[in-house]
Structure formats: C-alpha cells, structure tokens
Amino acid sequence: MAQTAQSGTAGGAQGAHGEGTRRDFLHLATVGVGAVGAAAIAWPFIDQWNPAADTLALASTEVDISKIAEGQAITVSWRGKPVFIRHRTATEIEEATAVPLGDLPDPQADTARTEKPEWLVVVGVCTHLGCIPLGQSSTQPRGEFGGWFCPCHGSHYDTSGRIRKGPAPENLPVPEYQFLSDTRIRIG
C-alpha cells in the first residue's frame with residue numbers, strides 16, 4: 001500500500017507539472033492572440049494619421065518652364081499657394097545682385113535665393129498679412145523696385161522677392177525646388 005501511495009504521488013507530481021506546462025501555453029497563446037487583436041484594432045486609427053492621397057499629390061509639382069520668355073512670369077499652385085516663377089532679364093539680375101545687404105530689412109543675397117540666376121521661384125504670398133502681391137504680368141504695378149507690390153498695405157518687393165519697403169517683415173519665401181532639366185523644375 002505504501003508503494004501505491006508513492007507511485008501515486010510521483011504520478012501526481014508529473015501530472016501537476018504537465019498541467020503547469022499546458023496552463024503556461026494557454027496563457028501565452030491568449031496573450032499572443034490578444035496582442036494581435038489589439039494591433040488589428042489599433043492599425044486603422046494609426047493609419048488615419050497618414051496624409052491623404054490628394055495631399056500627397058500636392059506635396060510636389062513639376063513645371064515646364066520652356067515657354068516662359070525672358071522677362072515673363074507665371075503663377076502655379078503648390079500646396080494650395082501661388083508660386084511665382086519669373087524668367088529674369090539680365091537687368092533684373094544685375095539690380096538684384098547690386099543691392100547692399102545692409103539696405104535690406106530681411107538681408108539675403110540674391111545668390112542664396114536662386115539656383116540659376118535667370119530663374120526666380122518664390123511663394124507669392126505677402127509676408128505681412130498673406131495677400132497676393134501684384135506684378136506677375138507687365139500690366140500690373142511692380143512697385144518701386146521692379147518686383148512685386150502688395151496694394152493692401154504697400155509692401156514693395158524687388159526682383160529677388162526681397163522686401164524693400166512697407167510693413168512686410170520678411171522676404172517672399174523660396175520653396176524647396178530643383179531643376180530636373182533645363183526646361184523642367186520640381187517644386188516641393
């Protein structure tokens with residue numbers, strides 16, 4: 001009888017050990033399935049923070065500049081803002097580079113604002129209150145410095161898009177852009 005009790009105890013220890021292993025497995029399996037379920041539920045919420053496809057499409061734009069004659073300017077839309085692209089004349093380039101930086105409210109060299117001197121690319125939004133300056137066509141006033149003029153409050157920009165006179169605190173911003181070829185640029 002003593003022998004049976006011992007073997008029952010030994011068998012019971014193995015059984016308890018076997019149950020512990022099953023219990024551990026069930027616990028790990030439950031936690032694993034719960035983690036996968038939580039990730040499956042959380043993913044749509046995390047994914048909604050990504051920009052929409054229409055927003056990504058506006059992130060950059062390519063522009064054909066081959067038809068812009070010297071002295072002309074065009075306006076394109078990028079991220080919902082007007083971007084002025086001006087094919088500057090030699091005189092406009094000379095005027096822009098001749099300005100002493102000490103005369104500028106927001107000092108910035110012309111060479112720091114252009115990749116190629118004959119092409120100026122700026123966001124066409126006045127830095128004072130967000131108006132759209134005039135000066136894109138030859139019939140519009142270009143202000144005292146031959147660039148752009150914001151009639152709302154009288155800001156005058158030069159041929160490099162730098163503020164020269166008026167309440168605007170900063171130059172017209174230069175967006176990130178690059179030349180893809182001699183006739184195409186990518187903005188953004």
Side-chain angles (χ1 to χ4, degrees), residues 46-99 101 104-188:
I46 294 169
D47 190 45
Q48 77 176 350
W49 294 337
N50 287 328
D54 58 341
T55 304
L56 288 174
L58 294 174
S60 68
T61 186
E62 289 187 18
V63 182
D64 180 7
I65 57 174
S66 64
K67 294 182 174 79
I68 306 171
E70 190 175 281
Q72 283 188 321
I74 65 166
T75 304
V76 296
S77 182
W78 172 66
R79 294 185 181 172
K81 297 176 187 173
V83 173
F84 298 161
I85 302 172
R86 184 177 283 184
H87 190 172
R88 301 189 302 174
T89 64
T91 304
E92 289 176 326
I93 296 167
E94 286 174 28
E95 290 172 356
T97 56
V99 176
L101 294 181
L104 300 171
D106 183 11
Q108 193 174 25
D110 183 64
T111 54
R113 298 180 55 78
T114 60
E115 279 190 37
K116 294 182 178 183
E118 64 273 16
W119 294 103
L120 179 69
V121 180
V122 293
V123 176
V125 177
C126 181
T127 58
H128 180 233
L129 292 176
C131 306
I132 309 298
L134 302 176
Q136 280 297 88
S137 75
S138 59
T139 60
Q140 294 179 338
R142 291 188 172 183
E144 294 178 25
F145 303 94
W148 291 271
F149 172 67
C150 186
C152 301
H153 299 98
S155 293
H156 295 255
Y157 297 90
D158 66 10
T159 58
S160 187
R162 299 174 297 196
I163 183 64
R164 297 292 299 278
K165 180 180 177 183
E170 298 174 344
N171 302 329
L172 293 176
V174 176
E176 182 181 320
Y177 73 96
Q178 67 180 14
F179 282 87
L180 301 176
S181 69
D182 289 339
T183 61
R184 292 195 74 73
I185 62 170
R186 177 186 300 131
I187 302 169

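- Between the R88 side chain and the P117 main chain, a donor and an acceptor come within less than 3.5 Å of each other.
- Ring geometry for H153 versus H128: interplanar angle over 60°, hence perpendicular rather than tilted (30 to 60°).
- For R113, there are no salt bridge (Lys or Arg N to Asp or Glu O under 4.0 Å) partners, not counting sequence neighbours.
- With hydrogens and angles disregarded, a donor-acceptor distance shorter than 3.5 Å links the side chain of Y177 to the backbone of E115.
- Summarising the geometry, atom CD1 belonging to I93 is positioned 10.0 Å from atom OG belonging to S160; distances are rounded to the nearest 0.5 Å.
- Formation of a donor-acceptor pair under 3.5 Å by the E95 side chain with backbone atoms of E92 is not found in this model.
- Between the side chain of T183 and the backbone N or O of S66, no donor-acceptor pair lies under 3.5 Å.
- The line from CD1 of I68 to CD1 of I74 is 3.5 Å long, rounded to the nearest 0.5 Å.
- Legend: residues meeting salt bridge (Lys or Arg N to Asp or Glu O under 4.0 Å) with D158, ordered by chain and number and at least two apart, are R162, R164.
- Ring geometry, H156 versus F145: the interplanar angle exceeds 60°, so the pair is classed perpendicular (tilted spans 30 to 60°).
- For T89, there are no side-chain hydrogen bond (donor to acceptor under 3.5 Å, both in side chains) partners at least two apart in sequence or on another chain.
- For W148 and Q140, the side-chain atoms include no donor-acceptor pair closer than 3.5 Å.
- Side chain of S155 to backbone of A168: a donor-acceptor contact under 3.5 angstrom is found.
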